[in-house]
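Take a look at the structure set out below.
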Amino acid sequence: MNTTNIVNKPDNKDTKVLIIEDEAQITRLIELELKYEGYEVITAVDGLEGLKSIRDGGPDLVLLDCMLPNMSGEEVCKQVRSDSDNVPIIMITAKDSIEDKVKGLDYGADDYLVKPFATEELLARIRAVLRRKPKEQAGTLNYDDLWLDQFNRLAKRGDDVLELRSKEFSLLRVFMMNPEKYLTREFLFNKVWGYDFIGESNVIEVYIRYLRSKLQEKKQGKLIHTKRGEGYMLRKSDLK
Ligand code: CA
């Protein structure tokens, strides 16, 4: 698996697309097109590697081939949804029968593309699926009394504006995209700092501490909970 940042088209540079495909030539083609559009691209060559990459917190969108070694695309899709991960998934397959399409959508895929497909169609589907992402549609995320305006990078708790630095904002955004779930340090690290970052191993703890003090947890109630061996969870303090 590899990660690449391309910054020629800044609109897409924060969008990481995972391609799960065993045919290297197809992967390479899609990868080139997506990078040209400014997306960040990561790849996996079989179902197991792909599933691991999703669970590690990699992608904002998944292009998932159906026929894969080790674990089929349908099975990957099923597993991801049973993790209650709602990362958008576009299934890509050579099969074009109605049953296969229905099966893919039943397993929780957001869209379906049949090989061979035109690049523009792929790009249009990606844009459409990303636009549909419900929580991000309005640009504002909300959990309990927390509000995050993603376009203006403004965070509030109740009526109080939180003065967050860039990484703190990103970290809070990841929590708000995945509320009431324990998130591992690896997941948070990959989401906020990326795979290529080399730094202090306690960076997550440090930033969680910053974030907690800025969320005024002492005054307004605890929001970020810690569980040994599980990670961190955003949860209302009165929720058990
Ligand atoms: Ca295949």
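In this text the structure is predicted, and so the values were computed from the model without any measurement. First listed ligand is number 1; within each ligand, the first listed atom is number 1. For the single chain, residues carry numbers from 1 onward in sequence order.
- Atom CG of residue Leu188 and atom OH of residue Tyr232 lie 8.0 Å apart, to the nearest 0.5 angstrom.
- Within a radius of less than 3.0 Å around the Ca ion (ligand 1), the protein N, O or S atoms are Asp22 OD1, Asp65 OD2, Met67 O.
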When you look at Lys78 and Glu74, which way does the salt bridge (charged side-chain N to carboxylate O under 4.0 Å, His left out) test go after all the steps? CA-CA 6 Å; Lys78 218 163 84 178; Glu74 282 99 347; over 6 Å; no
Next item on the list: Step by step, work out the salt bridge (charged side-chain N to carboxylate O under 4.0 Å, His left out) result for Glu31 and Arg28.
Entry: CA-CA 5 Å; Glu31 191 179 3; Arg28 187 71 195 134; 3.6 Å; yes
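- Grouping the Ile, Leu, Val, Met, Phe, Trp and Tyr side chains by contacts below 4.5 angstrom, directly or via other members, places Leu18 apart from Leu32.
- Atom-to-atom distance recorded for Phe175:CZ and Met233:CE is 10.0 Å, nearest 0.5 angstrom.
- Using a cut-off of 4.0 Å between Lys/Arg side-chain N and Asp/Glu carboxylate O, Arg185 and Glu205 are scored as salt-bridged.
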